[in-house]
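In what follows, a single structure is set out as structure tokens and then discussed.
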Amino acid sequence: MVDLTIDGAPVRVPEGSTILDACTSLGIDTPTLCFLESLTPVNACRVCVVELESSRALVPACARRVEPAMVVTTDSPRVRHSRKMVLEFLASSVDLSTAPDARRYCDRYGADPGRYGAAPETVAQPVKIDNALYVRDYAKCILCYKCVEACGADAQNTFAIAVAGRGFDARISTEYDVPLPDSACVYCGNCIGVCPTGALMFASEHELRRRGEWNEARQTRTDTICSYCGVGCTLTLHVQENAIVKVTSPIENSVTGGHLCVKGRFGFEYVQNRPDDEGAPS
Amino acid sequence: MDLHFTSARASAAERAVIDAALRQVQDDAGGRPRSRRHLALPVLHAVQDNFGWISAGALNYAGERLAVAPADLYGVATFYKLLRTTESPLRIVHVCDDIACLSAGAQQVVAAMEGSGAAWERSPCLGQCDRAPATLVVEAGAQRNPPAAAAPPVIGGSNLRLLRRAGKIDPESLDEYRAHGGYAALRAAFTLGPQRIAGEVDASKLLGRGGAAFPTGRKMAAVAAEPSRPHYLICNADESEPGTFKDRVLLEQDPFAIVEAMTIAAYATGCEYAFIYIRGEYPLAAARVANAIARARAAGLLGDDVMGSGARLEIEVRRGAGAYICGEETALFNSIEGKRGEPRSKPPFPVQSGLFGKPTLVNNVETLANLPLIVLEGGAEFARIGTPGSTGTRLFCLSGAVAKPGLYEVPHGVTLGELIELAGGVPRGRRLQAVLLGGAAGTFVAPDALTMRLTFEDARAARATLGSGVVMLFDETADMVAILRRIAAFFRDESCGQCVPCRIGTVRQAEALRRRDFALVDEIGRAMRDASICGLGQTAANAIESARRNLNVW
Amino acid sequence: MFGAGGGTSSYEELEHTGVIVLWGSNARETHPIFFHHVLRGIRNGAKLYVIDPRRTSSAQWADGWLGLDVGSDIALANAIGREILAAGLENRAFVDRATSDFEAYRAAVQPYTLEHAEKITGVGTALVRELAHAYARAPRAQLCWTLGVTEHHNAVDSVRALINLALLCGHVGRYGSGVNPLRGQNNVQGGGDMGAIPNKFPGGQDVEDPACIAKFERAWSVTLPRKRGWNLTDMFRAIERGELDTLYVAGENPAQSEADQAHTMQLLRSLKHLIVQDIFLTKTGELAEVVFPATASWCESEGSVTSSERRVQRCRKALDAPGDARDDIAIIAELARRLDRRWPAYTPRLAWDECRSLSPFHAGMSYERLERLGGIQWPCYDEEHPGEQFLHARLWAEPFQGPRAPFAAVEHEPPVEALDERYPLRLTTGRRLDSFNTGVQSGGYTSPLRRGETLDISPQDAQRYGLVDGDRVRVRSRRGSVVVAVRIDPGLRAGLLFTTFHHNDDVATNLLTIDATDPQSGTAEFKACAVRIELPPFDELGATGPAAKQ
């Protein structure tokens with residue numbers, strides 16, 4: 001066990017814990033965007049930074065492991081300033097309209113993305129729709145690397161996408177930006193499963209949103225087991241008006257770790273390809 | 001891995017070049033059975049060198065041979081500015097329009113290029129500020145010319161130590177190097193043994209010359225003590241800080257000295273494999289170092305039994321490919337490992353987990369160049385030069401509004417004014433407006449700082465930095481606002497894009513500077529300094545803030 | 001295995017093992033999320049060996065790919081065993097304490113030298129030696145297989161040949177070491193566990209064991225048969241003999257999924273009564289006299305299924321079923337009540353609690369616990385028991401408990417249908433990533449990966465027949481023929497063809513396959529039949545019609 005101090009309060013956490021773990025154990029709600037329990041921390045978004053005594057710069061709570069006698073401050077003016085600026089940077093360059101977490105943090109830290117001039121550079125670009133299952137809207141991408149990690153070594157190991165380019169021009173891309181059907185993509189949907197901003201979206205959700213019919217308040221979520229092979233993956237069925245509109249898997253599930261394959265993710269249509277209910281979402 | 005490729009196929013010539021590159025490069029450095037991705041950069045370089053760009057077919061074939069997914073490899077290729085993924089001319093002139101060249105007529109060169117019909121592009125600092133305005137011709141194709149030897153640089157100072165051979169011997173001749181004292185230090189090192197070498201380096205109080213000023217002896221001792229094997233040594237020759245050209249001069253003029261210094265450092269820390277990572281814009285330096293390594297190896301000064309001591313060392317030259325960030329040590333590791341040159345989080349620190357996750361000693365060229373002196377004369381003797389806090393001599397790159405731009409070696413403790421006088425002072429009829437110390441990530445000082453002693457401690461007291469030894473002078477005709485904008489543009493262009501504060505902050509800084517929204521510039525600067533992953537973002541506002549503090553620019 | 005019909009390990013253990021052997025399994029495509037655990041194992045340092053006639057996407061992750069000839073698994077396994085013994089790498093202490101029939105095994109593998117085996121399997125001696133040594137020397141090792149081992153006429157022998165290797169090295173009964181069949185369908189494991197096989201009561205209890213019979217007779221107040229019943233293959237034989245004239249098919253589509261389709265259809269048509277219960281009107285349903293529309297068990301009704309790691313997990317109703325569809329259990333219970341009024345109105349939970357009262361393996365798995373723990377691995381004997389992560393720890397217990405695990409002396413037997421001049425090519429079948437069995441389910445969604453059915457062919461054979469991607473050919477076996485487009489697959493060796501039966505309406509692959517079946521398991525030899533390729537011109541319309549019998 002390691003003893004440290006956070007915001008003046010002593011806390012004891014197991015060795016190997018992160019500052020984020022320690023904060024969580026104290027009930028401190030630390031904002032995160034690029035962090036996910038099942039993925040290797042890339043600490044790229046920097047919205048979780050905290051002040052660490054003895055460290056010149058702020059440190060990322062999500063990746064920094066605790067050490068004995070650390071003294072951490074999570075809500076100092078420096079911390080609040082950096083978090084606010086990071087959120088302003090994102091909000092002024094990325095469309096966060098389908099990123100509820102980011103928007104909530106913007107409110108909390110008083111981010112004002114309007115103060116960056118009349119025409120700040122943004123990542124606005126056309127939506128990519130090149131297959132029947134996914135929609136990629138990189139105007140909403142905050143470059144958190146989660147999709148790359150889920151497609152890569154942290155889960156699927158398909159490596160169909162990577163970060164290409166550099167600096168503000170860095171973006172998620174297939175090789176030479178070829179359409180997904182030409183790429184290595186196997187449509188497991190695990191990139192979509194981890195996307196925090198809706199930049200990656202199931203075509204079903206995208207279509208319902210486009211028609212103004214997407215309504216999470218009217219959706220139920222039911223856990224069940226995939227009907228295909230014998231691995232026994234837990235599927236969370238998101239159902240709206242008696243139709244499955246999205247399939248996810250719980251991240252803490254020991255079988256899936258939140259990840260699925262193309263059949264589990266998209267293979268449900270056979271239960272709702274019904275000739276008699278044309279109007280239902282599909 | 002179950003790799004999937006598009007239908008694009010490499011031509012026979014592309015395949016042959018990739019196959020040859022894989023045969024040529026050392027294959028066992030990484031020891032990764034499933035992937036040979038640590039060879040990605042040499043392979044991509046080979047394609048670039050031979051065809052002027054990397055086609056989709058060539059990338060696919062390289063991916064197949066390296067066992068790296070094509071999207072992944074594309075991400076690597078597009079990270080580096082000298083690797084091109086669209087069809088390009090075989091000959092491209094890179095025109096430096098960075099700060100030193102900007103004040104020295106870069107715009108006229110640009111205008112001339114625009115009228116010439118030749119393929120050209122703007123470039124960040126090419127490390128030739130002593131001959132500004134600078135250009136670099138990058139040639140590709142089977143018929144490309146070897147790197148041309150430029151005119152010898154201006155070298156100044158009194159009682160030269162690091163530069164004593166520079167310009168005076170044939171840099172390609174091992175015999176001349178030996179005739180001028182070369183390899184005496186290595187022989188002495190083998191007599192001392194690893195522990196005593198580290199002790200002498202410790203006693204010398206040598207601080208790193210790359211900009212971070214970390215005690216070299218402490219780093220060496222830490223690597224030597226790590227039980228995990230293998231240990232790696234990296235000579236960081238990715239000199240890219242605008243205004244800096246000292247390492248280029250050392251590598252071009254006295255390459256054997258670096259090879260010998262690396263051999264000593266490797267022996268002292270238990271490394272049997274070393275890399276020297278040379279900036280992609282330094283083809284001549286890379287050629288001369290490669291020559292020096294080959295000759296040293298042939299003479300038994302590298303290889304399985306160095307100088308009959310039983311020690312082993314191989315040194316591999318790695319060429320950068322146009323990315324300032326790769327001078328950051330952890331970004332450099334990733335680059336050698338065949339990944340995008342994105343910095344890693346620290347801790348863990350390189351001495352514990354560096355290249356390929358192994359204990360790694362990373363030192364700047366100039367830092368290493370001091371080791372033979374320390375071994376020969378002893379650490380205590382070395383420490384008598386300079387000041388107690390800043391031992392030894394220091395290389396300063398003088399450029400801009402100075403009579404004799406060039407590389408100057410002086411003991412620590414000389415004042416800024418004395419150094420400038422050594423280089424002939426500000427040209428007659430001109431008045432000094434500002435001096436930039438330490439490069440784009442450094443600090444501007446006003447003429448009132450000429451009395452400042454050039455030591456780590458004096459610089460710190462003045463809220464300045466010596467950084468990588470840049471001393472760039474601006475006279476009253478310089479448009480300082482334009483200079484600051486160029487610095488902001490430099491960081492915007494060179495940010496790797498990994499973390500938000502730097503990726504977007506450098507863009508917003510440049511925009512706010514254009515709008516003269518200085519309050520916002522300050523806020524952005526604070527966030528970049530506090531929240532960025534690495535030194536690039538953390539220092540991207542330094543020069544601009546110092547100009548606001550020390551100069552009367554607005 | 002050794003009396004318990006289930007994989008011995010948990011998926012998690014694949015991440016913490018030294019050597020993983022995937023035998024006759026393309027898990028990368030057929031069990032993708034299981035393969036995530038394998039990949040994590042590889043990243044943690046495990047070596048992977050893949051034994052498969054095709055160089056599959058799984059094999060492309062392997063440290064060693066053993067591309068054996070179809071149906072030579074026993075010869076290969078015996079050669080590995082013999083090499084382990086010859087090198088003195090067997091776990092002698094484990095063999096002595098926990099196994100029986102070792103000497104018979106040793107004698108049986110004696111002829112299978114690496115050189116001799118190479119002649120049968122086509123796998124080079126060095127690779128077999130490497131695998132044998134790696135497997136035997138690993139502190140922990142996992143042996144996993146799928147239908148590549150079991151869809152053969154000697155399926156049970158093949159599985160026993162594999163288990164022999166685990167016994168020889170002590171790679172069973174400990175964390176990180178085990179033998180694991182990966183189940184092809186979401187409740188194959190659970191169906192067997194619930195007694196939906198001819199020789200078992202629920203919970204793996206023997207239907208011919210008098211004590212078990214007595215227990216179930218008492219619980220159900222009926223007299224039970226003393227002998228096991230028929231498996232599916234036995235039933236078809238019985239139809240042929242005229243001993244069976246009524247068939248009640250629930251959730252199966254034998255008209256398309258059985259080998260030798262033309263023959264199957266003939267037998268189904270000859271039935272007096274055919275009742276089909278399914279969520280679709282399948283091809284089998286079209287032949288039926290009575291069709292019960294059922295709900296989709298995984299999303300339109302409640303219940304549980306059991307996975308390949310013996311994990312019982314709850315299925316839940318998320319959608320209202322269309323029309324008059326009813327739950328399987330409701331249909332069966334209602335039918336039963338029409339025959340015998342004493343039947344209760346079963347709910348899934350009532351049936352489950354009855355199962356728990358009769359199956360000690362499931363006794364501790366209340367619905368509340370299944371909810372709370374997110375599934376439980378059997379055996380779970382009481383409500384304090386957490387379930388077993390891995391089986392057979394008793395083999396290592398001090399003092400030794402229970403029966404010893406027997407070696408099985410098994411001999412190589414080639415596939416029933418040998419290659420000859422008229423049918424010189426070996427056709428094997430399997431699945432592709434985005435599709436499933438006869439495509440009834442997976443055909444419902446638009447997969448960007450799906451390019452229609454193809455006959456996958458080696459580059460060498462493509463050259464030999466002058467074929468390029470997309471050319472249409474007729475594939476003919478002794479039982480029938482189909483017309484299909486070819487796709488060149490560098491992962492195939494010369495002489496080997498691959499296809500699936502995902503697109504039955506276009507390419508009825510099971511017109512080609514052989515119904516040679518394993519006498520013990522009843523599984524057909526889907527993995528090996530002899531075919532030839534016929535080049536155009538031919539009559540495209542004849543594509544799905546049965547060919548003249550030889």
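Below, chains carry the letters A, B, ... as their sequence lines are ordered, and counting in each starts from 1.
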How far does SG of B/Cys534 sit from CD1 of B/Ile325, to the nearest 0.5 angstrom?
-> 3.5 Å
Side-chain donor/acceptor of B/Glu328 to backbone N/O of B/Ala331, under 3.5 Å = yes
Establish, yes or no, whether a centroid distance under 6.0 Å links the rings of B/Phe5 and B/Tyr61.
-> no
Do the two ring centres, one from A/Tyr176 and one from B/Tyr74, sit under 6.0 Å apart?
-> yes
Contacting region of [X] [heavy-atom separation from chain A under 4.5 Å]:
{"X": "B/Ile54", "result": "both"}
{"X": "B/Ala512", "result": "neither"}
{"X": "B/Arg529", "result": "backbone"}
{"X": "B/Glu511", "result": "side chain"}
{"X": "B/Asp493", "result": "backbone"}
{"X": "B/Ala8", "result": "neither"}
{"X": "B/Gln498", "result": "both"}
{"X": "B/Leu73", "result": "neither"}
{"X": "B/Ser532", "result": "backbone"}

Can you say whether [X] sits under 4.5 Å from chain B via the side chain, the backbone, both, or neither, judging by heavy atoms?
{"X": "A/Asp169", "answer": "neither"}
{"X": "A/Arg65", "answer": "neither"}
{"X": "A/Val178", "answer": "side chain"}
{"X": "A/Ile161", "answer": "backbone"}
{"X": "A/Ser93", "answer": "both"}
{"X": "A/Val42", "answer": "backbone"}

Which one of [options] has the most heavy-atom pairs closer than 4.5 Å to chain B?
{"options": "A/Ala57, A/Gly152, A/Ala160, A/Pro120", "value": "A/Pro120"}
{"options": "A/Ala44, A/Cys144, A/Pro60", "value": "A/Ala44"}
{"options": "A/Val79, A/Val86, A/Val163, A/Val49", "value": "A/Val163"}
{"options": "A/His81, A/Arg115, A/Arg64, A/Arg83", "value": "A/His81"}
{"options": "A/Gly165, A/Ala170, A/Ala184", "value": "A/Gly165"}
{"options": "A/Ala63, A/Cys185, A/Ala119, A/Ser183", "value": "A/Ser183"}

Of all of [options], which one pairs up most often with chain A through heavy atoms under 4.5 Å apart?
{"options": "B/Ala77, B/Ser55, B/Gly341, B/Ser7", "result": "B/Ser55"}
{"options": "B/Ala69, B/Pro347, B/Ala323", "result": "B/Pro347"}
{"options": "B/Gln538, B/Met528, B/Arg515", "result": "B/Arg515"}
{"options": "B/Asp2, B/Val507, B/Val500", "result": "B/Val500"}

Would you call [X] and [Y] a salt bridge, using N to O less than 4.0 angstrom?
{"X": "B/Arg279", "Y": "B/Asp238", "result": "no"}
{"X": "A/Arg136", "Y": "A/Asp130", "result": "yes"}
{"X": "A/Lys84", "Y": "A/Asp112", "result": "no"}
{"X": "A/Asp137", "Y": "A/Lys128", "result": "no"}
{"X": "A/Asp107", "Y": "A/Arg104", "result": "no"}
{"X": "A/Glu88", "Y": "B/Arg508", "result": "no"}
{"X": "B/Arg526", "Y": "B/Glu545", "result": "no"}
{"X": "B/Arg344", "Y": "B/Glu329", "result": "no"}

Can B/Thr539 and B/Asn542 be counted as having a side-chain donor-acceptor contact under 3.5 angstrom?
->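 The answer is no; no qualifying pair exists.
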Taking atom types as modelled, is there a side-chain donor on A/Tyr145 or B/Glu342 under 3.5 Å from an acceptor on the other?
->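 Short answer, yes.
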Taking C-beta and beyond as the side chain, do B/Glu64 and B/Asn60 meet within less than 4.5 Å on heavy atoms?
-> no
